J.: 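Got a structure here, written out as structure tokens. Questions coming.
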Number of protein chains: 4
Amino acid sequence: MKEKSKRQTDPALAQARRDQVLCAAADCFRRKGYHGAGMAEISKTAGMSAGHIYNFFASKEAIIESIIEQDMEKVFSIFQEYEDQPGDLVTILLDGLDYAVDHHTDVNQGALDLEMFAEAARNDKVAEQLRKSDCYAREKMRNLLLSERSLIKDLSATELESRIEVMFAMINGITLRKTLNPHVDKATLLLALRPAMRVLLVPF
Amino acid sequence: MKEKSKRQTDPALAQARRDQVLCAAADCFRRKGYHGAGMAEISKTAGMSAGHIYNFFASKEAIIESIIEQDMEKVFSIFQEYEDQPGDLVTILLDGLDYAVDHHTDVNQGALDLEMFAEAARNDKVAEQLRKSDCYAREKMRNLLLSERSLIKDLSATELESRIEVMFAMINGITLRKTLNPHVDKATLLLALRPAMRVLLVPF
Amino acid sequence: MKEKSKRQTDPALAQARRDQVLCAAADCFRRKGYHGAGMAEISKTAGMSAGHIYNFFASKEAIIESIIEQDMEKVFSIFQEYEDQPGDLVTILLDGLDYAVDHHTDVNQGALDLEMFAEAARNDKVAEQLRKSDCYAREKMRNLLLSERSLIKDLSATELESRIEVMFAMINGITLRKTLNPHVDKATLLLALRPAMRVLLVPF
Amino acid sequence: MKEKSKRQTDPALAQARRDQVLCAAADCFRRKGYHGAGMAEISKTAGMSAGHIYNFFASKEAIIESIIEQDMEKVFSIFQEYEDQPGDLVTILLDGLDYAVDHHTDVNQGALDLEMFAEAARNDKVAEQLRKSDCYAREKMRNLLLSERSLIKDLSATELESRIEVMFAMINGITLRKTLNPHVDKATLLLALRPAMRVLLVPF
DNA sequence: AATGAATGAGTCTTCATTCAT
DNA sequence: GATGAATGAAGACTCATTCAT
């Protein structure tokens, strides 16, 4: 038997604990906001003592930074998929909308995103992280739209930037829409979202 | 006899004081966020004692609610202008974009909006207010788009709703864009924003 | 009547409050030590809420610094008295021993001094303050011993420094003696202290 | 059969472990103070886990008590040396000053002593220990000064006590001097210390 | 009307100590 | 013996809110 549990210090366990905290914190932040959620509540949600959390994270701030980092990685992987996927770019991106709307209309994820944005407005480190992530995303998008298979690969830098900004504004805006109008559903959104997005992916 | 002074409870003065507080609070919230700004700072900015503020507002929460109410009224007046303005609707609305982008790229206003959104995620009363305001805005927009001078007045309710949601997403999304990419400027944004918006104002 | 109380903001009251805190803190530090005494206990002793103390002192550390400052001023005034007093220097200083022993055998004062010394070993700001005070005291002593009326005014700088150090060591050492042997009394101490001190005030 | 290992509870090893902890703790207390040094740091310095320390010491307090005990033993041995040494007592003791100043101007040792004194002010058990040690030291000194080879063997009990107190005050005071004036050096101190001490070892 | 002194509940964080392994 | 994960009771400090004046 290749059982090797009972190792005194199990690094996998530590990682699991860390994730527990991250999950619990995300959950609490969603419900109460970053400032509204106390370490006491987070620790209870995570199923461990408040003090123990500090074995994994230096501070409450470090927790939200870790959460943001996780999010960044998700964004990275999404763009990677776009790049790797063969076929017509317009189609790929418009199909991608489906997933994007799913993600941004997830009321839980949205609340967390909003929390991060609001925190960015007053916490420079968080702002920096978010901007780095966004910068990366814009760069990836730009590369995609400048590739051979793009219909707008000949656009001026400014025109391209503008389109990317508006595309991102639309996508991010959906998060706000879900907050302001929780009744709106994905299918309805896509009805107009797709044409609006398409117009940005082809020459005017 | 001494004139004018010592009149007890001058309602005009009271209103002026209230506005002072509202202004000061909005200013502080912009700079520090709702939780970051303390009553001490607000009172100093407002030029009155912390205790006195409680003669006008029941709590800190009541202050942000009042600020939101003010915002709502501004939104109302904007739609009123659209309604009253003669001429082609597409042109009116696209021209309106100019002002909207101005407003939403004002980094200070944006920070305040974000603060309100985040607060909505954890404060039901604030959420309710914001949603009511948004509901009203959507209704006004719907009426506008259903009026005789609209090119899409024959759209189905769902199609119309979808377009309104996406338009609003775009506009609100700009606030987030400004937070994530402070370098972006109004002119650049309008380059792609106008075509994307136009496509939503005419039949596909 | 020249009553002018009822002034809204009374600066004298504030000072009184500050002193209350200082007294209470000194008391608590004596009994429990700097780290052993909590703000809760200090505030209770001072007869005010813990939060209110922070209207007078930025931190717990600022409190002990203030206490040290008070002590420094007392030291200053003592040396001033020595300087101002006419007559034979040896007599003046030996008579001064009486007061010094009183002060240093006050078990309460001693405990506080010890607390400050210990804190100095780990808190640079406190150490700096204490050293500055000590440096001033040594300078004053040097001036006294170099004045015309001194019997050892012709000593070399090093010899003078040595004597001052030893005199101060004796005086400060009494604080420790009182801690280690609380039974020892002033009269007994003076029996040997005076001759030992005299030998340092005259040429060998 | 495997030799020597797995012997349960090797008392020599245990003692070595205990000493390790004592050394590490003394080191940490010197650098950070009793309250400033955490068990985590002590355990790391000692090269063992925090939990394991509790197999040797019931508490952090027990550690400092053990350290004090060690110190006491050192004091004992010093006095033993004085007793055993043949020759003139005044000479022996004045020569002993050399070592004493060395010890008390060791800035690290001094910090630890101060820490113990301060702790004594708030921890009765520590105070008791320190006093017991001091009492023993005074007794030894008294015996020395009452022995045949002493020049002051005919002094009254009170006079003798006084002299001992002042001698000890001087020696202990040096620790404080080093804290307040780190620049002072041994040679300079001895210049005045020796004559002051001598006067206490001979009839006035 | 207006002040600001005063409160105290609540915050994040630290750390001596315990215990399952 | 030995570990270090885990605890939880403090700790200093903040801040919205109240109230005597």
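Chain A is the first sequence line, chain B the second, and so forth, proteins listed ahead of strands; every chain is numbered from 1. All figures in this text were calculated on a predicted structure; none of them were measured in a lab.
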J.: Measure CD/D:Glu65 against C1'/E:dA16 and give the value in whole Å, please.
T.: 15 Å
J.: Is there a donor-acceptor pair under 3.5 Å between the side chain of B:Lys60 and the backbone N or O of B:Ala37?
T.: yes
J.: Would you mind reading off the distance between B:Arg17 atom CZ and E:dA2 atom C1', rounded to a whole angstrom?
T.: 8 Å
J.: Between F:dA2 atom C1' and D:Leu13 atom CG, what is the distance in whole Å?
T.: 11 Å
J.: For D:Gly38, report the nucleic acid contact type (base, sugar-phosphate, nothing); a contact means any heavy atom under 4.0 Å.
T.: sugar-phosphate
J.: Tell me whether A:Lys125 is salt-bridged to A:Glu61, with the criterion being a basic N under 4.0 Å from an acidic carboxylate O.
T.: no
J.: From C:Ser133 OG over to C:Arg131 CZ, what is the distance, rounded to the nearest 0.5 angstrom?
T.: 12.5 Å
J.: Hey, which of these two, D:Ile53 or B:Tyr34, hits DNA chain F nearer its 5' end, going by closest nucleotide?
T.: D:Ile53
J.: When you measure from the side chain of B:Met48, which nucleotide among E:dT3, E:dT7, E:dT17 comes out closest?
T.: E:dT3
J.: To the side chain of D:Tyr54, which of E:dG4, E:dT17, F:dA6 is closest?
T.: E:dT17
J.: Assign the ring pair A:Tyr34 / A:Phe29 to parallel, tilted or perpendicular, where the plane angle (0 to 90°) is split at 30° and 60°.
T.: perpendicular
J.: Using the closest heavy atom to pick a nucleotide of DNA chain E for each, name whichever of B:Asn55 or A:Ala37 lands nearer the 5' end.
T.: B:Asn55
J.: Using a heavy-atom cut-off of under 4.0 Å over every strand shown, decide if D:Ala58 touches base, sugar-phosphate, or nothing.
T.: nothing
J.: Using a 4.0 Å heavy-atom cut-off, does D:Ala62 contact any base of the nucleic acid, only the sugar-phosphate backbone, or nothing at all?
T.: nothing
J.: If I take atom CD in residue B:Glu61 and atom C1' in nucleotide F:dC15, what distance separates them, rounded to the nearest angstrom?
T.: 16 Å
J.: Work out which heavy atom in D:Thr45 is nearest to a heavy atom in D:Arg31; give both atom names and the distance.
T.: OG1-NH2, 4.3 Å
J.: Requiring both pairing distances under 3.5 angstrom, list the stems that contain DNA chain F and are made of three or more consecutive Watson-Crick or G-U pairs.
T.: E:2-21 with F:2-21
J.: Taking only residues two or more places apart in sequence, or in another chain, which ones meet B:Gln129 in a side-chain contact (heavy atoms from CB on, under 4.5 Å)?
T.: B:Glu65, B:Ile68, B:Glu69
J.: Could you state the CZ-C1' distance from C:Phe29 to F:dA12, rounded to the nearest angstrom?
T.: 12 Å
J.: Roughly, in whole Å, what's the span from NZ in C:Lys32 to C1' in F:dG11?
T.: 13 Å
J.: For B:Gly47 and for A:His35, locate the closest nucleotide of DNA chain E by heavy-atom distance; then report the residue assigned to the nucleotide nearer the 5' terminus.
T.: B:Gly47
J.: So which nucleotide from F:dA12, F:dG4, E:dG8 ends up closest to the side chain of C:Ser49?
T.: E:dG8
J.: B:Lys60 has a side chain; which of F:dA2, E:dC12, F:dT17 sits nearest to it?
T.: F:dT17
J.: Report the distance from atom NZ of C:Lys44 to atom C1' of E:dA6, rounded to the nearest whole Å.
T.: 18 Å
J.: What heavy-atom pair brings D:Ala118 and C:Ala118 nearest, and what distance separates the two atoms?
T.: CB-CB, 3.5 Å
J.: Within the 4.0 Å heavy-atom criterion, would you say D:Ser59 contacts the bases, only the backbone, or no part of the nucleic acid?
T.: sugar-phosphate
J.: Would you kindly give the CE-to-C1' distance between D:Met39 and F:dG4, to the nearest whole Å?
T.: 13 Å
J.: Do the side-chain N or O atoms of C:His52 get closer than 4.0 angstrom to the phosphate oxygens (OP1, OP2) of E:dT7?
T.: no
J.: Taking A:Met72's backbone N and O only, do any of them form a donor-acceptor pair with A:Lys132's side chain (distance below 3.5 Å, no angle check)?
T.: no
